[in-house]
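Here is the structure we will look at.
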Number of protein chains: 2
Amino acid sequence: MDMPMKQYSDQNRFLIAVDCIVFGFDGEHLKILLIKRGFEPEKGKWSLMGGFVTPKESLDDAANRILTQLTGLKDVYLEQIQAYGNPMRDPIERTLSVTYFALIDIHKYEAQISDQYHAEWFPLKETPQLIFDHEEMVETAKKKIRYKAALHPVLFELLPKKFTIPQLQNLYEDVYSTQIDNRNFVRKLTATKLLIKLAEKDKSASKKGAFYFKLDKKKYKENFQAFLNFIPNPDKLTSV
Amino acid sequence: MDMPMKQYSDQNRFLIAVDCIVFGFDGEHLKILLIKRGFEPEKGKWSLMGGFVTPKESLDDAANRILTQLTGLKDVYLEQIQAYGNPMRDPIERTLSVTYFALIDIHKYEAQISDQYHAEWFPLKETPQLIFDHEEMVETAKKKIRYKAALHPVLFELLPKKFTIPQLQNLYEDVYSTQIDNRNFVRKLTATKLLIKLAEKDKSASKKGAFYFKLDKKKYKENFQAFLNFIPNPDKLTSV
DNA sequence: TCAAAAGTGTTCGAATTACACCCATGG
DNA sequence: CCATGGGTGTAATTCGAACACTTTTGA
């Protein structure tokens with residue numbers, strides 16, 4: 001934007017898109033939301049949810065709008081990941097895409113996922129082939145969420161208000177594709193003082209039942225910058 | 001890019017720029033490179049080095065081209081940070097900017113910094129007012145480099161082939177605005193096995209002289225993903 | 001000879017890991 | 001009553017933080 005020229009009139013303009021990598025958690029597994037593309041090119045293939053940026057909206061606005069169109073919901077955790085600008089990435093016309101990741105509780109949004117887009121949840125390890133460079137985007141998003149969650153308690157955004165420790169552990173294990181020792185996990189968790197134990201139990205997953213917890217919202221916000229260290233083998237992370 | 005439509009013909013197109021936050025180190029302090037803007041709007045103010053993306057180049061290509069124009073050099077460490085898309089961020093015309101940070105050894109590139117741009121190195125804490133949203137970009141770049149360097153040995157990109165431990169420590173202290181205990185620093189450093197001690201000494205900074213070291217390139221590449229932990233108080237990092 | 005910077009070890013507390021058994025309950 | 005998943009404690013080790021003095025040498 002800062003080349004030595006009086007005007008921008010002799011510059012080229014390009015399409016700008018936003019593509020969302022929507023992570024969801026259902027209490028058992030981490031999944032991503034994909035849509036079946038109903039038009040050419042690449043009709044019938046799976047794709048991230050995306051759309052073009054319009055003249056008066058910011059990138060964040062566009063990401064929120066697109067996500068709302070798909071899920072019907074607002075105030076979802078959304079964070080920019082990266083811009084993809086390979087000139088050939090869209091065969092129709094050069095398009096720059098800015099990716100975002102979203103974190104949502106699958107059960108909460110289940111009813112509202114609009115059927116018109118043929119949206120479907122896929123377990124992270126069973127994602128189908130995707131159009132264009134969307135697979136690369138997903139890979140980068142996975143790395144990003146690993147980095148982010150290694151340093152900030154952001155994964156709580158994927159959980160309902162009440163959740164159990166086994167659910168939380170499933171989540172961390174899925175995000176990092178690893179097994180975590182339950183006793184050590186609980187110890188680190190209680191050290192954060194982020195959780196408040198409820199009297200109620202979730203009996204859907206076992207006969208004994210697991211106690212529900214809720215987030216201490218105040219401490220969550222205060223300590224979001226604090227480093228956590230839930231991951232025994234952070235070597236498994238790859239570059240951001 | 002994936003809205004249900006047959007063609008992209010009714011979409012809006014925008015200017016796309018790349019702005020580079022060029023970090024440099026001279027053995028004593030971390031600095032950033034700014035240019036004095038020679039044209040309106042904002043003529044005479046300081047600015048990041050930037051330019052528009054052309055039709056056939058990728059974002060990475062554009063960043064490299066712009067950096068080469070400024071410094072005359074290639075193969076500089078360059079990494080994308082973020083896209084800025086506020087509709088009003090450039091008063092002339094809506095422009096999306098993708099920022100990159102570059103890491104260079106000031107002495108190596110000194111001679112080649114092109115004078116025609118009135119480029120100047122500023123110590124990080126003494127940066128002047130910048131145009132548009134460039135100050136926000138610099139702040140984000142500082143956070144980004146702190147995160148990156150907390151997890152990867154990327155700061156070596158700022159150093160010459162031969163460097164001393166005191167120089168390296170200055171660098172880390174500047175990046176994190178903190179004082180580091182020299183004995184603990186050296187212990188962690190030797191634990192990485194990334195450094196090879198040379199026979200030669202640098203006597204420019206002291207009478208006793210400090211031994212030069214060089215990077216073990218092979219281990220550097222192998223271990224780039226490994227987590228280091230040089231920073232005593234990572235709490236000081238703020239969100240990425 | 002002395003000022004200025006380089007270089008070097010130890011101790012303590014905290015954090016991390018590894019590891020195994022009992023509990024509660026619904027079917 | 002038993003199979004299933006939930007919940008809990010300890011010991012050994014590693015890691016990180018705090019801390020101060022000696023060395024070298026050019027001016």
Side-chain angles (χ1 to χ4, degrees), chain A residues 26-29 150-151 153 159 162-174 176 178-213 223 226-237, chain B residues 26-29 150-151 159 162-174 176 178-193 195-213 223 226-237:
Chain A
D26 61 5
E28 294 183 50
H29 289 293
L151 304 178
L159 292 162
K162 298 174 188 178
F163 52 88
T164 67
I165 305 289
Q167 283 170 359
L168 187 59
Q169 186 170 341
N170 282 343
L171 176 53
Y172 272 91
E173 289 181 341
D174 248 28
Y176 293 96
T178 188
Q179 294 292 107
I180 301 177
D181 181 281
N182 171 259
R183 289 160 292 188
N184 295 336
F185 185 73
V186 171
R187 184 181 307 109
K188 286 182 182 178
L189 211 45
T190 51
T192 68
K193 297 177 183 168
L194 242 46
L195 296 192
I196 299 169
K197 190 175 190 171
L198 304 178
E200 195 185 351
K201 271 187 169 185
D202 167 34
K203 297 214 169 183
S204 67
S206 73
K207 294 158 183 171
K208 181 178 180 181
F211 280 105
Y212 278 119
F213 289 77
N223 297 335
F227 276 52
L228 302 177
N229 195 10
F230 280 118
I231 312 313
N233 293 311
D235 296 359
K236 286 174 185 165
L237 302 187
Chain B
D26 61 6
E28 293 182 53
H29 289 293
L151 304 177
L159 293 162
K162 298 174 188 176
F163 52 86
T164 67
I165 305 289
Q167 282 169 0
L168 187 59
Q169 187 170 339
N170 282 341
L171 176 53
Y172 273 90
E173 289 182 342
D174 249 28
Y176 293 96
T178 188
Q179 293 292 107
I180 302 177
D181 182 281
N182 172 258
R183 290 159 292 188
N184 293 337
F185 185 73
V186 171
R187 182 183 312 109
K188 287 180 183 178
L189 211 44
T190 52
T192 68
K193 297 175 183 168
L195 297 192
I196 299 169
K197 189 175 190 172
L198 304 179
E200 194 185 352
K201 272 188 166 182
D202 166 34
K203 297 215 167 184
S204 67
S206 74
K207 294 159 184 174
K208 183 177 179 182
F211 280 104
Y212 277 119
F213 289 77
N223 297 334
F227 277 52
L228 301 176
N229 196 10
F230 280 118
I231 311 313
N233 293 311
D235 295 359
K236 288 173 185 165
L237 302 186

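In what follows, chains are A, B, ... by sequence order, proteins preceding strands, each numbered from 1.
Listed by chain and number, the residues in a side-chain contact (heavy atoms from CB on, under 4.5 Å) with K208(A) are K201(A), S206(A) (sequence neighbours excluded). Residues meeting the salt bridge (charged side-chain N to carboxylate O under 4.0 Å, His left out) test with D202(A), sequence neighbours left out: none. Here R187(A) pairs with nothing under the salt bridge (charged side-chain N to carboxylate O under 4.0 Å, His left out) rule; sequence neighbours left out. Applying the salt bridge (charged side-chain N to carboxylate O under 4.0 Å, His left out) rule to D174(B) yields the partners K125(B); only residues at least two apart in sequence or on another chain are considered.
Per the geometry, CG belonging to N184(A) stands 16 Å off P belonging to dA12(D), to the nearest Å. Regarding R183(A), its CZ atom lies at a distance of 8 Å from the P atom of dA20(C), rounded to whole Å. Distance CZ (F185(A)) to P (dA15(C)): 18 Å, rounded to an integer number of Å. The CD-P distance, from Q169(B) to dA6(C), rounds to 9 Å in whole Å. The interatomic distance linking I180(B) (CD1) with dC19(D) (C1') rounds to 17 Å, in whole Å. Taking atom CG of D181(A) as the reference point, atom C1' of dA20(C) lies 10 Å away to the nearest angstrom. One can place CZ of R187(A) at 13 Å from C1' of dA12(D), the figure rounded to the nearest angstrom. Per the geometry, CG belonging to D202(A) stands 14 Å off C1' belonging to dG26(C), to the nearest Å.
In plain terms, the two heavy atoms of F213(B) and L195(B) that are nearest each other are CD2-CB, 3.9 Å.
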Could you list the donor-acceptor pairs under 3.5 angstrom formed by side chains in residues 162-171 of chain A, with sequence neighbours left out?
from    : atom 1 : to      : atom 2 : distance (Å)
K162(A) : NZ     : E200(A) : OE1    : 2.7
T164(A) : OG1    : Q167(A) : N      : 3.2
Q167(A) : OE1    : T164(A) : N      : 3.2
Q169(A) : OE1    : N182(A) : ND2    : 2.9
Q169(A) : NE2    : E173(A) : OE2    : 3.2
Q169(A) : NE2    : I180(A) : O      : 2.7
N170(A) : ND2    : G27(A)  : O      : 3.4

Name the pairs: protein N/O against N/O of nucleotides 3-7 of chain D, kept only if under 3.5 Å.
from   : atom 1 : to      : atom 2 : distance (Å)
dG6(D) : O3'    : G209(A) : O      : 3.4
dG6(D) : N3     : K208(A) : NZ     : 3.2
dG7(D) : OP1    : F211(A) : N      : 3.0

